[in-house]
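Worth knowing before you read on, the calculation uses all heavy atoms, side chains too, and leaves out hydrogens, waters and symmetry mates. What you see is a predicted model; the values in this text were computed from it and never measured. Throughout, numbering of the chain's residues begins at 1 and tracks the sequence.
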Amino acid sequence: MDLVVENLQKHFDEKEVLKGAGYRFNSGKIYGLLGRNGAGKTTFFNCLNDDLNVDGGRFYLEEDGEERAIGEDDIGYVLSVPEVPGFLTGREFIQFFIDINKEKIGEKKDLDSYFDMVGIEEPDRDRLLRDYSHGMKSKMQMLINIISKPKILFLDEPLTSLDVVAAEDMKKLLREIRKDSIIILSTHIMDLALSLCDEIVLLHGGELSLVSDMDENGETIADETLKEKIVEALKEVE
């Protein structure tokens, strides 16, 4: 399964944000989407999620050589500013999500097993979500996507609000669930992208491009050299 983006264009008044962006994202990989602030990473996600109308181009899923439109159930989206219903407890929220999606969810676990997966402690499971920290709300957003298992998962700066231990646990979890999905993680933190992602894709100048970790001889380059390569590539569009 591939997510194919072709010649994607989006502008706001006179500002062109996406100028023919194209890329093929493969199932089973975690992609790091890197770009400077304002480069259009969130806009890119919102276009593919149909939260924004595009001005040109197209995107679709390709499975077994056949193209098909991306459906609502194909995409999961973890926002940089998590949105959760504050009037529900953590336990009520997860139970409600499972109840309304019961036809789509395969093998179900007990609720406490789900909370264990993302490190929500027992006393917090019955607290109102409005009293959760930013990081805990992000964990809840992540959890509903783990339960629903979308084919495509967009993560918009998802780990920046987590402490070191929680972030490492979340990275481990993402590596485990990538097998049957396409995960695209937007971030401006290069160390995170390099430690977690299978491929680094730059969004710069309104276009998408792969950053190769190979030198001209086909040898893998060191992370520090790759960082320098990324910085230089981003500077070129100034």
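Using a 4.5 Å heavy-atom threshold, the side chains of Leu61 and Ile152 count as touching. At least one side-chain heavy atom of Met140 sits less than 4.5 Å from a side-chain heavy atom of Phe115. In this structure, the side chains of Tyr31 and Asn26 come closer than 4.5 Å at one or more pairs of heavy atoms. The shortest distance between side-chain heavy atoms of Asp169 and Lys172 does not fall below 4.5 Å. In this structure, the side chains of Ile177 and Ile183 come closer than 4.5 Å at one or more pairs of heavy atoms. Glu92 is not listed as a side-chain neighbour of Leu129, based on a closest heavy-atom distance of 4.5 Å or more. Between Pro150 and Ile75, every side-chain heavy-atom pair lies at or beyond the 4.5 Å cut-off. With a 4.5 Å cut-off on side-chain heavy atoms, Leu18 and Leu203 count as touching.
In this structure a side-chain-to-backbone donor-acceptor pair under 3.5 Å is missing from Tyr114 to Ile144. The main-chain N or O of Ser113 is found under 3.5 Å from a side-chain atom of Asp110 such that the two form a donor-acceptor pair. Remark: side-chain polar atoms of Asn49 are not paired, donor with acceptor, to backbone N or O of Phe45 under 3.5 angstrom. Judged by distance alone, with hydrogens and angles left aside, the side-chain atoms of Lys41 form a donor-acceptor pair with the main-chain N or O of Gly35 at under 3.5 Å.
The two residues Ser209 and His204 have their closest heavy-atom pair at OG-NE2, 3.0 Å. Taking every heavy atom of both residues into account, Arg127 and Tyr132 meet most closely at O-CE1, 3.8 Å. Closest approach of Gly119 to Lys139, counting heavy atoms only: O-NZ, 3.4 Å. Looking at every heavy atom in both residues, Arg68 comes nearest to Glu63 through NE-OE1, 2.7 Å. The minimum heavy-atom distance linking His134 with Pro82 is given by the pair NE2-CD, 3.3 Å. Taking every heavy atom of both residues into account, Asp2 and Ile182 meet most closely at C-CD1, 4.0 Å.
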Between Asp73 and Asn101, is a side-chain contact (heavy atoms from CB on, under 4.5 Å) present by the stated rule, with each step listed? CA-CA 10 Å; Asp73 294 335; Asn101 292 283; 5.7 Å; no
Would you sort out whether Asp112 and Arg91 count as a side-chain contact (heavy atoms from CB on, under 4.5 Å), showing the intermediate values? CA-CA 8 Å; Asp112 286 306; Arg91 192 180 300 276; 3.3 Å; yes
side-chain hydrogen bond (donor to acceptor under 3.5 Å, both in side chains) assessment of Asn145 paired with Gln141: CA-CA 7 Å; Asn145 284 287; Gln141 272 199 340; over 6 Å; no
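Note: Leu111 CG to Ile94 CD1 = 7.5 Å, rounded to the nearest 0.5 Å. The CG atom of Leu33 sits 8.5 Å away from atom CG of Leu202, with the distance rounded to the nearest 0.5 Å. With rounding to the nearest 0.5 angstrom, the CZ atom of Arg58 is 12.0 Å from the CG atom of Leu8. From Met170, atom CE reaches atom CD1 of Ile146 across 6.0 Å, with rounding to the nearest 0.5 Å. In this structure, OG on Ser195 lies 5.0 Å from CG on Leu192, to the nearest 0.5 angstrom. Between Ile98 atom CD1 and Ile105 atom CD1 the span is 5.5 Å, to the nearest 0.5 Å.
Under the 4.5 Å side-chain contact rule for hydrophobic residues, Leu128 and Phe97 do not share a cluster. Hydrophobic clustering keeps Tyr60 apart from Leu153 (ILVMFWY residues linked when any side-chain heavy atoms are closer than 4.5 Å, directly or through intermediates). Two different hydrophobic clusters hold Phe59 and Val4 under the rule that ILVMFWY side chains link at heavy-atom gaps under 4.5 Å. In the hydrophobic cluster analysis, where Ile, Leu, Val, Met, Phe, Trp and Tyr join through side-chain heavy atoms closer than 4.5 angstrom, Ile100 is grouped apart from Phe87.
Comment: Arg175 does not engage Asp198 in a salt bridge, judged by the lack of any side-chain N to carboxylate O separation of less than 4.0 angstrom. Checked for salt-bridge contact, Asp74 and Lys151 miss the test: no charged N lies under 4.0 Å from a carboxylate O. Under the 4.0 Å criterion applied to side-chain N and carboxylate O atoms, Lys149 and Asp180 are not assigned as salt-bridge partners.
Between Phe25 and Phe44, the ring-plane angle classifies as tilted under the 30° and 60° cut-offs.
Within a 6.0 Å sphere centred on CG of Asp126, other residues, nucleotides and ligands contribute more than 12 heavy atoms. For CD of Glu66, the number of neighbouring non-hydrogen atoms (other residues, nucleotides, ligands) closer than 6.0 Å is 12 at most. Heavy-atom contacts from other residues, nucleotides or ligands closer than 6.0 Å to CZ of Phe96 number 12 or fewer.
In summary, of the residues considered (Glu122, Arg125, Glu121), a side chain to side chain contact (heavy atoms under 4.5 Å, CB included) with Asp116 occurs for Arg125 alone. The side chain to side chain contact (heavy atoms under 4.5 Å, CB included) with Tyr77 is formed by just one residue from the set Asn46, Leu155, Leu48; it is Asn46.
For the pair Lys10 and Phe12, the cation-pi criterion (under 6.0 Å, within 45° of the ring axis) is fulfilled.
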